[in-house]
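We number each residue from 1, following the sequence as shown.
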Amino acid sequence: MDYLNLENIPREEFEYLLLTNLAGDEDYSIPQNVVDILNGQFRNVIDNELLSSYVKSYNDNDFHKMIHSGIENEVISLDAWLCVGVASLLHFIQCNWTGPKSDEDVEWLKTLEGEAVKHLSLHDECNVNTRKPEFLYFSKIIFSNQSLAECYDSCNWWLFRASFIHQLVFNESSAVLFNETEQLIEKIEESYILKDEYCNTLFSIEAAQFYFYYRRTKESEKYVESAQEITKLGLNLEGVLGKRTKYQQEEKAQLYLKIDAGKSPFPFRHCENLPKSLDLNDDVRLEQIDYSKNIEHAEIGSMEEAVILAKLVELQLSQPKDKLTDEEIKPYLTAVTNSTKNWCLKVVSLYRRCMLESADHRAVERSMMQLEYLIQEIKDTKVPVAYRMDLFFASGLKPIWTLEETWARVMISLGLVKGALDVFLKLELWEDVINCHNMLEMKHKAAEIIRQELSKKPTVQLWCLLGDATQDSSHYETAWKLSNKRSSRAQRHWGMFYFAKKDYTEAIPHLKLSVELNNIQENVWIRLGYAALQIEDWKLAATAYRRYCTLEQSTFEAWNNLAKAYIKLGDKERAWKTLHDAIKCSYDRWQVWDNLMVVSIDLGHFSEVIHCYHRILDLKKNHLDVQVLDILTHAILNNLNDSDGNPAQRLLPKALELFGRISSVVLNNSDIWRMYGQLTALKKTDTDYEKAAQYLQQAHRAAISDTKWFQQEESTDNVLQLCCILTEMYLRCASDCDAKKKRSLLASAKLSLQGVVKKVKDQQWNNEKILTLSQKVDECLNTVVNDLEKIKLTM
């Protein structure tokens, strides 16, 4: 068969085969270059004679221009160009992700390694452990060709994959790559390819993986739900009795994942010689939970297992990092680890289990050994490359160096610092090398090692680390100049240097410039916001925290500080909305509810004020904010309109419920009992008037409980006003009752008023306001005395 002729296979099927790595049972013949890709023989596809001759004969040194010219002129067919691009990308993935290690080079591509690193670095730096970057560079050039993209809908999908792989080998989260890749997602969603359910599910999981990397929880959730809907996969955590330990007598409720499948699983192939799950070998804990009954699951395939793993990551990102979350996601991991026949999914599930167990003192040793075993399995050759590529892009598999880095970090947690140091040195993770030397009390070695590496090859990262190690800011300037003033890392380290010294004025310009160069640096945005708060640059603080909150939506402190900045800027409406977002992140922090309550009262959201106060009492049992309650009471007494234009008196039942709850805890506060009494009187029944009088009498007793109340202006003012309100309530109660009860009520009022009037007069106040109030209380007392005299005459 002609190597370049693909006419015997429908174009849609040709694209489908390459995207899914699955050969179907159709009766047409598959061309040799597609067969080579499906068999993992990528170099055979890339290094063909026609392409090699074209490259060697081209006179222009611009490789990018040369490849695009070759595609436009169809030096090899467009079908073959697409195959070359796919093979080049997959070969790069084999070298850096799946293994086994391949030392074979393509001669005419090898010379482009330096150019590839330069173009892939985007003014910062790619991971130094990246092998054969020229293959990624080559594939991106091919997939970015407009003619190829117009001919094949799948070309944009392959470019999306290549761009995401590019991000994964990049040391920084790149805004440029994020924006470019997100635009590709929009184009792919319009593609006819996604009409196929398998492809639609596959793309949904791959898009979710992309958003997982950038921690975009809302976007990733959308794609996980889409994949789950297409597969009609029901995933529910349920409880069943079981045992976790060898000596456990009584069975306890244990979580497991109930899997229901609404349709037959998608096609998949079984991989032999999968990596094994190592035994825990613990003296107490069982290898697995021993359930009291057999757990039966619906039959699912690898695609459905990829959906389960994606759901697991979504739960991890969207929920707090605590033991409860870990317990909820373990059943998802167990479901995949125990049943999958897919190589990538097996490695990823075991890796994620290692990450969970690295914080568990009973399982951390297995975590370390399992990671070492996985690294060896990637290097081993017994599993064919083709099987390793099944669902690779949907699996979330980490690069080889990430597995090694994680392995070294687990070693540190077990005290194996020297072993970890060797791994960090091999991976050139200089920050970790410095930390290891500090742990080994060899701090002097840190700067020495960095200088030694700088003498070999100066890089922006090394100059920045030297600045960190020596606390000499001139090294950051050297790094900045080395990058031709384009490195966000150099400015970040420079800004953090001043930030650590609390020199926020100096830190801000560097942090600002860093995020201007790369605007998806969460750790820089939050520090820029904090620095701006400290120097009271509210506008900058709002901008920084707003940007941080779009990137990382689960940090309540950031939302809280954003609200504070809005308040300082006078934009309380935005502050109110922001605090609602803060509550979503931290429902159990009373401080956030308190902030929301204060802003709500300012904006007239009276119903929200009551809700917030109840929530605060739920969280801390006892809370007193007289100012907020006074404004709320005033609004209800005067029937003011709330923020939505509704009369406040409609909230009277809810307000009385709140005051009843507060007064049951706060027993001796005059203001609480006064407001409670005034609000109760609004119900305007004889019973409620009597209750109101009792509450006001309680307020009076609380107000005069301080033996020196008449010596302070504020407390004297408060008692005199309370006497006026109390008199009015007693007279109202006495206006419609029998003579005996009326006499009792008025006598009580007289007793309360006489003591106050005498104390105030004896103090000889020379304050106009107090004298006026005192005169008014005098008149109230005279009214009460006169009414009492009238009653005596009639009895």
Side-chain angles (χ1 to χ4, degrees), residues 117-128 166-167 169-180 213-215 428-432 434-435 446-447 450-451 453-454 457-535 537 539-552 555 558 561 565:
V117 170
K118 181 181 177 183
H119 279 81
L120 295 173
S121 293
L122 300 176
H123 307 296
D124 274 296
E125 292 164 358
C126 290
N127 193 293
V128 294
H166 183 183
Q167 174 61 86
V169 301
F170 199 54
N171 280 334
E172 306 286 327
S173 294
S174 169
V176 173
L177 287 173
F178 175 81
N179 293 331
E180 287 178 358
Y213 176 84
Y214 294 98
R215 302 182 67 83
E428 297 187 31
L429 293 169
W430 305 119
E431 288 180 80
D432 295 290
I434 292 168
N435 290 335
I450 295 169
R451 286 195 170 94
E453 293 302 319
L454 276 170
K457 183 184 176 182
T459 66
V460 170
Q461 182 189 25
L462 286 170
W463 277 114
C464 288
L465 291 176
L466 185 61
D468 294 345
T470 61
Q471 291 293 288
D472 184 347
S473 62
S474 67
H475 296 316
Y476 305 125
E477 188 173 2
T478 304
W480 177 239
K481 290 176 180 176
L482 182 63
S483 72
N484 293 320
K485 300 186 177 181
R486 296 296 301 165
S487 172
S488 60
R489 174 191 280 270
Q491 288 296 329
R492 181 177 73 238
H493 279 262
W494 207 343
M496 296 298 191
F497 168 77
Y498 289 114
F499 186 90
K501 294 178 179 297
K502 298 184 179 180
D503 188 349
Y504 303 117
T505 305
E506 283 291 333
I508 283 174
H510 298 293
L511 297 176
K512 276 181 71 177
L513 186 50
S514 182
V515 291
E516 284 170 12
L517 292 165
N518 181 5
N519 64 8
I520 55 173
Q521 299 181 88
E522 293 96 325
N523 61 332
V524 181
W525 280 116
I526 196 167
R527 283 166 176 79
L528 178 58
Y530 182 82
L533 280 185
Q534 300 310 304
I535 67 167
D537 186 341
K539 189 174 181 181
L540 177 60
T543 301
Y545 277 117
R546 185 168 60 245
R547 182 60 188 170
Y548 174 82
C549 290
T550 61
L551 297 172
E552 178 55 74
T555 308
N561 287 341

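- In this structure, the side chain of Tyr504 does not engage the main chain of Tyr530 through any donor-acceptor pair within 3.5 Å.
- With hydrogens and angles disregarded, a donor-acceptor distance shorter than 3.5 Å links the side chain of Asn518 to the backbone of Ala175.
- Residues that satisfy the side-chain contact (heavy atoms from CB on, under 4.5 Å) test with Pro509, not counting sequence neighbours, are absent from this structure.
- Sorted by first then second residue, the salt bridge (charged side-chain N to carboxylate O under 4.0 Å, His left out) pairs that include residues 500-521, not counting sequence neighbours, number zero.
- Residue Ala565 comes nearest to Ala541 through the heavy atom pair CB-CB, 4.2 Å, listed as atom of the first residue, atom of the second, then distance.
- For the atom pair Leu466 CG and Ile450 CD1, the distance stands at 5.5 Å (nearest 0.5 Å).
- In this structure, Arg547 contributes its side chain and Asn519 its backbone to a donor-acceptor pair below 3.5 Å.
- Of all the heavy atoms in Trp430 and Leu462, the pair that sits closest is CD1-CD2, 3.3 Å.
- We find the OH-CD1 distance between Tyr498 and Ile508 to be 13.5 Å, quoted to the nearest 0.5 Å.
- Asp468 and Tyr476 are linked by a side-chain donor-acceptor pair at a separation below 3.5 angstrom, with hydrogens and angles left out of the test.
- For the pair Ala507 and Gly495, the tightest heavy-atom approach, listed with the atom from each and the gap, is CB-O, 3.4 Å.
- The CZ atom of Arg546 sits 9.0 Å away from the OG1 atom of Thr550 when rounded to the nearest 0.5 Å.
- Atom CG in Leu511 sits 11.5 Å away from atom OG in Ser488 (nearest 0.5 Å).
- Considering only residues two or more places apart in sequence or on other chains, Gln491 meets the side chain to side chain donor-acceptor pair (under 3.5 Å) condition with His510.
- Within the 4.5 Å cutoff, side-chain heavy atoms of Trp480 are placed close to those of Leu513.
- In summary, Glu477 and Lys481 engage in a salt bridge, as defined by a charged side-chain N under 4.0 Å from a carboxylate O.
- Evaluation of the salt bridge (Lys or Arg N to Asp or Glu O under 4.0 Å) rule for Arg215 yields Glu552 as partners, not counting sequence neighbours.
- Distance check: Asn523 CG to Tyr548 OH gives 9.0 Å after rounding to the nearest 0.5 Å.
- Side-chain atoms of Asn127 do not come within 3.5 Å of backbone N or O of Asn171 as any donor-acceptor pair.
- Remark: the backbone N or O of Ser487 is paired with a side-chain donor or acceptor of Ser483 at under 3.5 angstrom.
- Atom CZ in Arg489 sits 11.5 Å away from atom CE in Met496 (nearest 0.5 Å).
- Side chains of Ser514 and Gln521 form a contact here, defined as non-hydrogen atoms less than 4.5 Å apart.
- Two residues are said to be in side-chain contact when any heavy atoms from C-beta on lie closer than 4.5 Å; His475 and Leu465 fail this criterion.
- At least one donor-acceptor pair under 3.5 Å links the side chain of Glu125 to the backbone N or O of Val460.
- The shortest side-chain heavy-atom distance between Trp494 and Ser473 falls under the 4.5 Å cut-off.
- With sequence neighbours left out, the side chain to side chain donor-acceptor pair (under 3.5 Å) criterion links Arg527 to no other residue.
- Pairing each heavy atom of Ala490 with each of Cys464, the nearest pair is CA-SG, 3.6 Å.
- At least one donor-acceptor pair under 3.5 Å links the side chain of Asp472 to the backbone N or O of Ser474.
- Annotation: side chain to side chain donor-acceptor pair (under 3.5 Å) contacts of Gln167 (sequence neighbours excluded): Tyr213, Tyr214.
- Leu120 places none of its side-chain heavy atoms less than 4.5 Å from the side chain of Phe170.
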